[in-house]
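Reviewing the structure listed below.
Residue numbers begin at 1 in each chain, while the letters A, B, ... track the order of the sequences. What's counted below: heavy atoms across the whole structure, side chains too, no hydrogens, waters or symmetry copies. On a predicted model such as this, the values are computed, not experimentally measured, just so you know.
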Protein chains: 2
Amino acid sequence: MAHTPRPAAKPTPAKPTPAKPTPDSTRRSEKSRRAIFDAALALVGEVGYPKTTVEGIAARAGVGKQTIYRWWPSKAAVLLDAFMDLGERTAREAGHESYDIPDTGDLAADLKQVLRATVDELLDPRFEIPARALAAEGLVNEPLGAEFVAGLLEPQLQLYVKRLRSAQDKGDLRPDIDPRIALELFVSPLAQRWLQHTGPISYAYTDTLVDYALYGLAPRG
Amino acid sequence: MAHTPRPAAKPTPAKPTPAKPTPDSTRRSEKSRRAIFDAALALVGEVGYPKTTVEGIAARAGVGKQTIYRWWPSKAAVLLDAFMDLGERTAREAGHESYDIPDTGDLAADLKQVLRATVDELLDPRFEIPARALAAEGLVNEPLGAEFVAGLLEPQLQLYVKRLRSAQDKGDLRPDIDPRIALELFVSPLAQRWLQHTGPISYAYTDTLVDYALYGLAPRG
DNA sequence: CGGTCACGAGACGCCCCGTCTTGTCATCCT
DNA sequence: AGGATGACAAGACGGGGCGTCTCGTGACCG
C-alpha cells in the first residue's frame with residue numbers, strides 16, 4: 001500500500017504543517033479499497049485516463065469521495081496502487097511466487113524468450129492502457145514517477161541484472177561490462193517503441209535487438 | 001504551423017460533422033501568434049505544465065481565449081508549436097541550416113560527440129521542461145504524440161541512420177545491420193534514463209553505450 | 001465606403017476539484 | 001451494557017478552468 005499515511009503524528013498540536021487527521025489504517029474498509037481499484041481500472045479502460053475523474057471512480061465504486069481522498073493524494077496514485085494490486089493478483093493466480101529469467105545456458109535464447117513475453121504483455125490492452133497512463137503521469141509528476149520506477153520498472157530490470165551476472169560468471173558476457181547498463185541496450189529500445197510509437201514491436205524486432213547487443217554493430221575480427 | 005485548420009471545406013452545409021467556421025489564415029495576426037508562443041513557454045517554465053492553462057496563456061499574451069481556440073485544439077498543441085518554433089529560431093540564430101552528425105571516419109568518436117551534445121541539451125532546463133511535458137502528453141494523446149515523433153524525434157533519428165549508412169559503406173558497420181534499429185541501442189537507453197529518471201546521464205554513460213553497442217556484450221573471439 | 005472577419009475582452013454554463021458537513025454503523029474501551 | 005471513536009456513503013459547497021458565445025473594434029478587401 002504505497003500511499004497509506006504515516007501511522008504516527010507529532011503530539012504538538014500547533015506546528016507549521018496543519019497536522020492532518022491521520023486516518024487509522026486498521027479500521028480501513030477492504031471492500032471499499034477493492035471497489036475503488038476495480039472502478040479505477042474499469043474507467044481508465046473505458047473512457048481513457050484523462051477523462052477518468054476521482055468523482056467518477058467514487059460514483060462507480062459506490063464510495064464517498066472523501067474515502068478516496070483519505071487514502072490517496074490523486075487519481076494517479078489510486079491508479080498506480082490499483083495497477084500494482086492487479087499485477088500481484090494476476091501473478092499470484094498464475095502461480096508465480098517470483099519471476100526469474102530462465103537460465104538454460106544459452107544467454108541469447110533466454111533473453112529472446114523473456115523479451116517475447118514482454119512483447120505479449122505490452123500488446124495486451126488490459127496492461128497497456130493503465131501502464132501507459134501511469135508512465136505519462138510519472139514523467140511530469142516526480143514523486144509518482146519515482147514510485148512507478150521503484151515499484152514496477154526497477155524490479156523487472158534487476159532480473160536482467162541477475163541473469164547477466166550469471167552469464168558473466170560463465171564467460172558468456174564480457175567481464176568488464178556493467179550489467180545495469182547492458183540490459184538497457186535491448187530493454188530501452190523496446191520501451192521507447194512501445195511508449196512513443198516510434199516503430200512496430202514484434203518478436204523479430206526483439207530478437208534482433210538481442211543479437212545486435214550481444215554481438216555488436218561493428219564487424220568482428 | 002502544425003495545427004492550421006484546413007483551408008477548404010465541403011460546400012454542403014448540412015453534414016454529420018457540424019461544419020466548423022474555418023478561419024482565414026491569411027488574416028492571422030503574427031503578433032498574437034508570437035505572443036502566445038512566448039507566454040506558453042514562459043508559463044510552462046515558471047509554474048509547470050499541469051498548472052499552465054489556456055486562460056493563463058491568453059491573459060499573459062494579452063490575447064482573447066478564442067484566438068487560441070481558433071488555431072489550436074488544446075494547450076498541448078500550443079506548446080508543441082511553440083516548442084518547435086523555438087527550436088527553429090535557436091537553430092537559425094546558431095547558424096545551422098540543417099544539423100548533421102560529423103563524419104570524421106571514426107564512427108565511435110562521432111557518435112560519442114553527438115550524444116554528449118544531446119546530454120547537454122537534455123540537462124538544459126529551457127529544453128527539458130517543455131520537452132518532457134510534450135513527451136508525457138504524447139503518450140496519452142495519440143495525434144499529438146504522432147506529431148511530436150514525426151516533427152521532433154524522427155528527424156533527429158534519421159541523422160543517425162544517415163551516419164550509420166555511411167559507416168556501412170566504409171566497412172565500419174556490419175552490412176547486415178538495420179541502421180534504424182541499430183541507432184536505438186544507444187539513443188533509447190539515454191532517452192529512457194532522461195524521461196523516466198531510471199539512472200544518471202553523463203558523458204561517461206553515453207560513451208559506454210556507444211562502446212557496448214559497437215563492440216557487443218559477448219566476448220569477441 | 002460598406003462588408004468581412006480576426007481580434008481583445010469577458011460573460012456563460014458546465015464539470016471537476018478538494019474540503020467540509022451530516023447521519024449511520026462497526027469496533028473498541030470501560 | 002453503554003459510550004466514545006472514527007471510517008464510511010452521500011452530497012453540498014466555493015473555486016477555477018473548460019470550451020463556447022457574444023460583444024465592439026479595427027484592419028484589409030473589393
Covered region of DNA chain C, 5' end to 3' end, by chain A [heavy atoms, under 4.0 Å]:
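Nucleotide range in contact with chain A: C:dC16 to C:dA26.
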Any salt bridge (Lys or Arg N to Asp or Glu O under 4.0 Å) involving residues 181-195 of chain B? Give me the pairs, sequence neighbours left out, ordered by first then second residue.
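For residues 181-195 of chain B, and leaving out neighbouring residues, the salt bridge (Lys or Arg N to Asp or Glu O under 4.0 Å) pairs sorted by first residue read A:Glu184-B:Arg193, A:Arg193-B:Glu184, B:Arg180-B:Glu184.
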Quickly work out the [X] [atom1] to [N] [atom2] distance and round it to whole Å.
X	N	atom1	atom2	answer
B:Leu43	D:dG17	CG	C1'	14 Å
B:Lys31	D:dG26	NZ	P	13 Å
B:Ile57	D:dG19	CD1	C1'	14 Å
A:Arg28	D:dT5	CZ	C1'	19 Å
A:Arg70	D:dA10	CZ	P	14 Å
B:Trp72	D:dG19	CH2	P	15 Å
B:Trp71	D:dT20	CH2	P	15 Å
B:Asp24	D:dA27	CG	C1'	13 Å

Whether A:Lys75 engages the ring of A:Tyr49 as a cation-pi pair (distance to the six-membered ring centre under 6.0 angstrom, angle to the ring normal within 45°) should be assessed.
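So A:Lys75 does make the cation-pi contact.
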Relative to B:Trp71, does B:Arg33 satisfy both conditions: NZ or CZ under 6.0 angstrom from the six-membered ring centre, and within 45 degrees of the ring's axis?
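Ring-cation test returns no.
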Hey, which of B:Asp211, B:Thr206, B:Thr208 is the one that makes side chain to side chain donor-acceptor pair (under 3.5 Å) with B:Lys112?
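Considering B:Asp211, B:Thr206, B:Thr208, a side chain to side chain donor-acceptor pair (under 3.5 Å) with B:Lys112 is found only for B:Asp211.
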Nearest-nucleotide comparison on DNA chain C, the residue closer to the 5′ end among A:Tyr69 and B:Ala58
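Going by which nucleotide is closer to the 5' end, it is B:Ala58.
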B:Tyr212 side-chain N/O to A:Asp178 backbone N/O, donor-acceptor pair under 3.5 Å:
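Looks like yes, one N/O pair under 3.5 Å.
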5'-most contact on DNA chain D: B:Arg27 or B:Thr52, nearest heavy atom basis?
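Upstream on the strand: B:Thr52.
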Which sits closer to the 5' end of DNA chain D, A:Val63 or A:Glu55, going by the nucleotide each is nearest to?
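Counting from the 5' end, the first nearest nucleotide belongs to A:Val63.
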Determine, for A:Arg34 against A:Asp38, whether the closest basic-nitrogen to carboxylate-oxygen distance falls under 4.0 angstrom.
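Salt bridge flag = no for A:Asp38 with A:Arg34.
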Looking for any heavy atom pair under 4.0 Å, which part of the strands does B:Gly62 touch: base, sugar-phosphate only, or nothing?
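The answer is sugar-phosphate, as B:Gly62 gets under 4.0 Å only of primed atoms, P, OP1 or OP2.
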Nucleotide of D:dA27, D:dC21, D:dC8 approaching A:Thr67 most closely (side-chain heavy atoms)
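For the A:Thr67 side chain, the nearest candidate turns out to be D:dC8.
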Could you state the interatomic distance from CZ (B:Arg132) to NE2 (B:His197), rounded to the nearest 0.5 Å?
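Output value for this atom pair is 4.0 Å.
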